[in-house]
S.K.: 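Here it is, the structure, as structure tokens.
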Amino acid sequence: MDVETNSEKWLYSTSPLAVAEMLEGGGEFNPPTRIVSGLTEAQATTLVPAAPHCIAQILAHMHFYQNATLARARSEVAPKPAHLEDTFALPPSGTWDRLVGNFLADIETCKALAKAESGTTSPDRDDTSLTYDLAESALHNAYHLGQIVMLRQMQGTWPPPDGD
């Protein structure tokens, strides 16, 4: 795609509405709120046999990268782990509910940012929009939310209490 020919500012962009739908689920995707609902901290921190991470570690990883995207969007220094595995750290005991609440609140922040800053260039690349960065974050979430559903199925905690 030639940026000049298409009179587009960026090579890669997406609409704030599309970002919101990707972040909150829709179509074939269960909403993140549903995927993490009804889990106790004990269930979230239980390692399923042969799984490399428990649900809480996966959610912590997702929250880490979602926060990094938001930090860059705010022109703040984004945290950089020494190793990828560091982002899968088990949250401290007693913090599961706070982690879930913070992750879901940051989804709302991402949606609001996509709407407010839809004409902004990515802080990381000049050929993408900030909404594209937020869409990438949503896709990252979708990948890991699928893992959480699978782990819940293996644990016998899926579907959530509200049914399938």
S.K.: Under the 3.5 angstrom rule, does the side chain of Asp86 hit a backbone N or O of His83 as a donor-acceptor pair?
M.R.: yes
S.K.: Can you check side-chain contact (heavy atoms from CB on, under 4.5 Å) on His63 and Asn67, steps first, answer last?
M.R.: CA-CA 6 Å; His63 189 241; Asn67 273 335; 2.9 Å; yes
S.K.: Is a donor on one side and an acceptor on the other found under 3.5 Å between the side chain of Thr69 and the backbone of Tyr65?
M.R.: yes
S.K.: Decide whether Val36 and Met22 are clustered together by the hydrophobic rule: side chain heavy atoms of Ile, Leu, Val, Met, Phe, Trp, Tyr closer than 4.5 Å, transitively.
M.R.: no
S.K.: About how many Å separate CD1 of Ile55 and CG of Leu99, when rounded to the nearest 0.5 Å?
M.R.: 12.0 Å
S.K.: What about Leu134 and Phe29, same hydrophobic cluster or not, with Ile/Leu/Val/Met/Phe/Trp/Tyr joined at side-chain heavy-atom distances under 4.5 Å?
M.R.: no
S.K.: Looking at His140, Gln66, Gln147, which hits side chain to side chain donor-acceptor pair (under 3.5 Å) with His61?
M.R.: His140
S.K.: Working to the nearest 0.5 angstrom, can you tell me the gap between His53 NE2 and Ile148 CD1?
M.R.: 12.0 Å
S.K.: Please report the closest heavy-atom contact between Pro16 and Ala114, naming both atoms and the distance.
M.R.: CG-O, 3.4 Å
S.K.: For the backbone of Asp97 and the side chain of Glu41, can you confirm whether one donor and one acceptor N or O come within less than 3.5 Å of each other?
M.R.: no
S.K.: Same hydrophobic cluster for Val149 and Leu104, using side-chain heavy-atom links shorter than 4.5 Å among ILVMFWY?
M.R.: yes
S.K.: Donor-acceptor pair, distance only, cut-off 3.5 Å: does the side chain of Trp96 make one with the backbone of Leu39?
M.R.: yes
S.K.: Donor-acceptor check, side chain of Thr14 to backbone of Thr131, threshold 3.5 angstrom: yes or no?
M.R.: no
S.K.: Can you tell me if Gln57 uses its side chain to pair, donor with acceptor, with the backbone of Phe88 under 3.5 Å?
M.R.: yes
S.K.: Show your working on side-chain contact (heavy atoms from CB on, under 4.5 Å) between Leu90 and Cys54 and close with a plain yes or no.
M.R.: CA-CA 8 Å; Leu90 186 63; Cys54 67; 3.6 Å; yes
S.K.: Answer yes when Asp124 and Arg72 have at least one side-chain N-carboxylate O distance shorter than 4.0 Å, and no when they do not.
M.R.: yes
